[in-house]
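Numbers here are sequence positions counted from 1. Keep in mind it's a predicted model, so treat the numbers as computed, not measured.
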Amino acid sequence: MMSATNSDECDLVMNHSAADRCAFVKNTPDCNMEDGFVNYLSVAFCLLPPNLTPLTITLCVVWLLFLFVILGLAASKFFCPNLSAISSSLHLTHNVAGVTFLALGNGSPDIFSAMAAFSHPHTAGLAVGALFGAGIFVTTVVAGSVALVKPFTVASRPFLRDVIFYMVAVFWTFLMLYRGTTTLGETLGYLGLYVVYVLTVIISSYIYKRQKYSVNTSVQNISHVPAEVHSSDSSDDEVAPLTDGILHHEYESEYRPLLPYSETTSQILLSSLNPVDHRKWRRKSWGWRVLKVLKTPLEVLLLLCVPVVDPDKEDKNWRRPLNCLHLITAPLVCVLTFQSGKYGQYMIQGQFPLWLLIFLLGLFLSAIVFCTTTNDGPPKYHPLFALLGFVVSAVLISAAASEVVSLLHMLGVVLSLSNTVLGLTLLAWGNSIGDCFSDITIARQGYPRMAIAACFGGIIFNMLFGVGLGCLVQMIHTTQSDVQFESGGLLTWILAGSLGLSLALSFVIVPLCRFHLGRTYGIFLLIFYAIFLLIALLTEFGKIHTV
């Protein structure tokens, strides 16, 4: 979608014979993808003989699924918990933490994928397709599934607020694409729109609490407040964290040993590297167990590299031997994976490897922490490990997102598909499927309002920061004060129009239904997405085109 004056010559590789494609990839500058550890175009056409290219593509698709698993694990098990710990250390309210740190945690795969896609002119269409495609997927499939699973009455003012802000963000993005350019000032204003959204959430929450307090004061002699007070602007997500903390504390205390027991340092290290909870294992299905076995090696590697601070636990998840090991492994991972390993081979003054210096500094710091702490309780500076875990998990997510973008670009070249359609299908589905399952699970547990709030609140953050930061990255790389867009054709306008139409219909239909989301509305949203996907694919294959 974006940038450069020259077309991507690497797309012409499929016009050559199978025997000549490897030489074409090696001799064409456009095929040398700078982002990512692996040049997947060379893998597709040079790794195996031409008659085995389908096998190579199959292996790449399996690797793509594995990358999505990495994105999901790094975000859910490491990135989000550390952000939660940081917000707790800063004593942020649930509303502020939800629209800032929690939104960043939940949307990290989308945002990092968008930034990785914008960093290269030939893959910018992936970002636009993924952000618009994920928006349509979440507001139709996810929201529709929540309404089917648990019909409920949505909180009116938060729903209208989120839909209005999302429509403004979509319209602003549409104007940027239509004009074909955006300046630095416009990009900063685009990012500032999210600041306005956060302030609106904070102010509306404050006003609601004041109103609730005044109502409670006026009815002090009444045993409870009428249910209508809670139906307009209350949110289950303010109660859920407290409830989860209580349940977690009761769960831990149930299995607490009666007699004092102290683990050795080696036992603490081994137990902290075990990602399988035997108590949870017994209650889970066979499908969950198989998936857990497949993910366990990856989880162990991540546990070795990324510290996690848990404010809900008594010891804040302090694991002295493992946390000391993190002071060595975490900085090394950052150096070896940042910008696709660019600094892994960097030599200080051409003689001393940077990674070796980082290793020695980490070893020295680890020895100090080990000698000045105990296994029994965390030190006062333990919250700093949450910051370290946040940085490392962010670098890992960014590296995995770059690999996903490079791999999808290769699939687009091989399958003769545009980056936009790959973004709105594979990339959008891969980044949103976790949100889909988690929101449906939350709805089944009796928190449909929380699920529907996550549907809209998160994608506002993803679009504004994904496009805004992507444009800033492009300006930094090109040292220019503006970014040029190229029209992505009819498919781009179908994407923007479909997303805008789905939001407009929700803005009209939901109030007409008195903010009750029932099964009929859920079925309507699923049908809407099916029609959109059909039109998008027909447009991609040339069945629908402009006159």
Side-chain angles (χ1 to χ4, degrees), residues 34-38 67 70-71 73-75 77-83 85-86 89 104-105 108 111-112 115-116 119 265-266 268-270 272-273 275 297-309 316-373 375 378-403 406 469 473 476-477:
E34 297 179 358
D35 298 321
F37 291 91
V38 181
L67 288 173
I70 295 177
L71 283 173
L73 277 178
K77 295 293 184 68
F78 299 91
F79 193 76
C80 289
N82 283 313
L83 282 179
I86 292 174
S89 300
L104 175 60
S108 54
I111 295 170
F112 284 109
M115 293 177 61
S119 64
T265 299
S266 59
I268 293 175
L269 179 61
L270 293 177
S272 58
L273 288 176
L298 178 60
E299 287 191 62
V300 172
L301 289 176
L302 290 174
L303 286 171
L304 279 169
C305 303
V306 187
V308 178
V309 177
K316 312 298 182 184
N317 202 39
W318 166 251
R319 301 292 182 267
R320 178 172 168 242
L322 183 59
N323 289 142
C324 291
L325 184 62
H326 285 150
L327 295 175
I328 302 174
T329 58
L332 276 178
V333 168
C334 290
V335 172
L336 296 177
T337 58
F338 185 66
Q339 290 190 352
S340 302
K342 177 181 178 181
Y343 295 96
Q345 300 177 348
Y346 183 79
M347 305 290 288
I348 301 175
Q349 295 184 349
Q351 296 180 349
F352 197 78
L354 176 63
W355 67 266
L356 183 56
L357 175 63
I358 297 296
F359 172 78
L360 294 176
L361 291 176
L363 188 63
F364 176 71
L365 187 60
S366 175
I368 294 178
V369 172
F370 189 83
C371 295
T372 57
T373 57
N375 295 332
K380 293 182 179 180
Y381 52 81
H382 185 230
L384 293 177
F385 281 87
L387 182 61
L388 178 62
F390 161 75
V391 173
V392 180
S393 54
V395 171
L396 288 174
I397 291 173
S398 178
S402 296
E403 294 300 304
S406 299
L469 293 180
V473 169
I476 294 173
H477 284 179

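A donor-acceptor pair under 3.5 Å links the side-chain atoms of Thr329 to the main chain of Leu304, judged by distance alone. A donor-acceptor distance shorter than 3.5 angstrom exists from the side chain of His326 to the backbone of Leu303, with no hydrogens or angles considered. A distance-only check finds a donor-acceptor pair linking the side chain of Arg320 to the backbone of Phe370 [under 3.5 Å]. The backbone N or O of Ile268 sits less than 3.5 Å from a side-chain atom of Ser272, completing a donor-acceptor pair. At distances below 3.5 Å, at least one donor-acceptor pair connects side-chain atoms of Asn82 with backbone N or O atoms of Pro307.
The two residues Gly389 and Ser393 make their nearest non-hydrogen contact at O-OG, 2.7 Å. Contact detail for Cys334 and Val391: the closest heavy-atom pair is SG-CG1, 4.3 Å. Contact record, Cys324 with Ser366: O-OG, 2.7 Å, taken as the closest heavy-atom pair. For the pair Met347 and Pro353, the tightest heavy-atom approach, listed with the atom from each and the gap, is SD-CA, 3.8 Å. Closest heavy-atom contact between Phe385 and Leu327: CE2-CD2, 3.9 Å. Between Lys77 and Glu299, the shortest heavy-atom contact is NZ-OE1, 3.4 Å.
For the pair Leu363 and Ile328, the minimum side-chain heavy-atom distance is below 4.5 Å. Annotation: side chain of Val333 is in contact with side chain of Leu396 (closest heavy-atom distance under 4.5 Å). A 4.5 Å side-chain heavy-atom check between Ser406 and Phe37 finds every atom pair outside the cut-off.
Atom-to-atom distance recorded for Leu301:CG and Leu73:CG is 11.0 Å, nearest 0.5 angstrom. Separating the CG atom in Leu332 from the CG atom in Leu361 is a distance of 10.0 Å, to the nearest 0.5 Å. Here the CG atom belonging to Leu71 is positioned 7.0 Å from the CG atom belonging to Leu67, to the nearest 0.5 angstrom. Residue Thr265 holds its OG1 atom at 12.0 Å from CG of Leu322, rounded to the nearest 0.5 Å. In this structure, Trp355 CH2 and Leu357 CG are separated by 11.0 Å, a value rounded to the nearest 0.5 Å.
Of the options Ile86, Val308, Val306, a side-chain contact (heavy atoms from CB on, under 4.5 Å) to Pro81 is made by Val308 and by none of the others.
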Check against side chain to side chain contact (heavy atoms under 4.5 Å, CB included), Asn323 and Val369: CA-CA 9 Å; Asn323 289 142; Val369 172; over 6 Å; no
Derivation of the side chain to side chain contact (heavy atoms under 4.5 Å, CB included) call for Phe364 and Leu360: CA-CA 6 Å; Phe364 176 71; Leu360 294 176; over 6 Å; no
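The 12-atom threshold is exceeded at CZ of Phe352, counting heavy atoms of other residues, nucleotides or ligands nearer than 6.0 Å.
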